[in-house]
Asker: 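Handing you this structure, nothing more for now.
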Amino acid sequence: MASRAARCLLRVTGRASGVTSGQLDYSLGQHGDRAFSTSIRLRSRKDPDAKKTYSFSTLKVDKPAKGVIQVELNRPDRLNALNNDSWCEIREFFDTISADPECRVVILSALGKHFTAGIDLQDMGFMMDLLGSDLDTSRKGLKLEQKVRDYQDSFTAIEKCPKPVIAAIHGGCIGGGVDMTSACDIRYCTEDAFFAIKEVDIGMAADVGTLQRFPKIVGNDSLVRELAFTARKFYAAEAKSIGFVSRLFDSRETMLKAAMDVASLIAAKSPVAVQGTKVHLNYSRDHTVQEGLEHMAIWQMTMLQSDDIMKAAMASADRRGKTVPEFADV
Ligand SMILES: CCC/C=C/C=C/C(=O)SCCNC(=O)CCNC(=O)[C@H](O)C(C)(C)COP(=O)(O)OP(=O)(O)OC[C@H]1O[C@@H](n2cnc3c(N)ncnc32)[C@H](O)[C@@H]1OP(=O)(O)O
């Protein structure tokens, strides 16, 4: 029960400019019965009924089938090099899609000759400006830290998105491209695709996810170190042999068709089951078996009560296979 002081403060309401829907949060420190600190924060919340427009300058978004959204890197004349807008928009796209009930699966592909040439080497002015500024070392350092965290968050948004993300890669997938696709759930590529953990060639350690996620995908520490220390290209066949991609295709078109077929198959399943599966695969990757099982048990307290289980059970009981379950969006 909040104290009188807190209840009083909670009645203080106001309209913040640009916030259409908000929620008052309060944190209250207690010392015995007495509140010793109270603060109120207005947290903006996306209107769940707002129409999703998905309009971006560096991304092209389509809805090719029910429940499926395709997002394409769309700077083909720049080899889809990731400029500052790209990093921001990737994060915004995946955060938005996470809350879009009509989206159950995402296909991430790219337009033009290459999937991506990695970070846009011609859009690193912020680094030059910062390094040349009069700020002292600690302040430069803190600004750099924030930038790296912002860029990390762009790809972490892919992993945090509860909808499965299928990466369909063609041509070069360089530097930041490996970081990005390592955060995806399923990776396909064309037979002419190639990859490089290129960061050492521009004098830096890969810092936005490759060193954290790629080793857990390929499970070969010696090879990971070789690729990350040398920046050498590795081609589609090797990417498949080490388990970085699961399927190869002779063209971008056949790859996108296969990605679409798999996406539609996933989109027809219970979204509660599919999204729960992604959440738990990610959680279990980063925790012990016992912690993963504990997490799962708590989750299932609620999710085993899902309508989807009854619908799926009735469909499986129909031996003629004529009952196709329709699962509500979440
Ligand atoms: C806080 C930071 C977090 C993020 C870190 C991320 C780090 C990285 O991504 S490291 C990797 C950076 N990328 C590279 O080093 C890629 C270098 N490029 C290449 O290896 C080749 O260009 C590529 C294999 C991608 C394509 O080869 P292709 O023969 O098809 O094309 P090119 O003739 O080489 O290039 C065509 C024009 O594109 C320009 N270009 C290529 N890469 C980039 C890039 N990353 N950023 C900006 N521009 C790029 C290249 O200079 C050519 O330009 P022009 O001469 O004007 O035609």
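For ligands, and for the atoms within them, numbers begin at 1 and follow the listed sequence. Everything numeric here is computed off the predicted structure, so don't read it as measured data.
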Asker: Please list, chain by chain and in numerical order, all residues satisfying salt bridge (Lys or Arg N to Asp or Glu O under 4.0 Å) with Lys216, sequence neighbours excluded.
Answerer: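 For Lys216 the salt bridge (Lys or Arg N to Asp or Glu O under 4.0 Å) partners, ignoring immediate neighbours, are Asp286.
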Asker: Would you give me the side-chain donor-acceptor pairs under 3.5 Å for residues 319-330, sequence neighbours excluded?
Answerer:
unit_1: Thr323; atom_1: OG1; unit_2: Asp318; atom_2: OD2; d: 2.6
unit_1: Asp329; atom_1: OD1; unit_2: Arg104; atom_2: NE; d: 3.3
unit_1: Asp329; atom_1: OD1; unit_2: Arg104; atom_2: NH2; d: 2.9

Asker: Can you tell me if Lys257 has over 12 outside heavy atoms packed within less than 6.0 Å of its NZ?
Answerer: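 It does not: Lys257 NZ has 12 such atoms or fewer within range.
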Asker: Could you list all the salt bridge (charged side-chain N to carboxylate O under 4.0 Å, His left out) pairs where at least one residue sits in residues 177-186, not counting sequence neighbours?
Answerer: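 Counting only pairs at least two positions apart or across chains, the salt bridge (charged side-chain N to carboxylate O under 4.0 Å, His left out) contacts touching residues 177-186 are Asp185-Lys278.
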Asker: Do Thr156 and Arg213 pass the side-chain hydrogen bond (donor to acceptor under 3.5 Å, both in side chains) test, and can you show the C-alpha distance, the side-chain angles, and the key distance before you say yes or no?
Answerer: CA-CA 10 Å; Thr156 297; Arg213 298 187 175 106; 3.1 Å; yes
Asker: May I have every N or O pair linking ligand 1 to the protein at under 3.5 Å, one per line with atom names and distance?
Answerer:
unit_1: ligand 1; atom_1: 9 (O); unit_2: Ile119; atom_2: N; d: 2.8
unit_1: ligand 1; atom_1: 9 (O); unit_2: Gly176; atom_2: N; d: 2.8
unit_1: ligand 1; atom_1: 13 (N); unit_2: Ala117; atom_2: O; d: 2.8
unit_1: ligand 1; atom_1: 30 (O); unit_2: Lys113; atom_2: NZ; d: 2.7
unit_1: ligand 1; atom_1: 30 (O); unit_2: His114; atom_2: NE2; d: 2.7
unit_1: ligand 1; atom_1: 45 (N); unit_2: Ala117; atom_2: O; d: 3.1
unit_1: ligand 1; atom_1: 45 (N); unit_2: Ile119; atom_2: O; d: 2.9
unit_1: ligand 1; atom_1: 46 (N); unit_2: Leu121; atom_2: N; d: 2.9

Asker: State plainly whether the residues Glu238 and Lys233 are in salt-bridge range, i.e. N to O under 4.0 Å.
Answerer: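 Here Glu238 does not pair with Lys233 in a salt bridge, since their nearest N and O are not under 4.0 Å apart.
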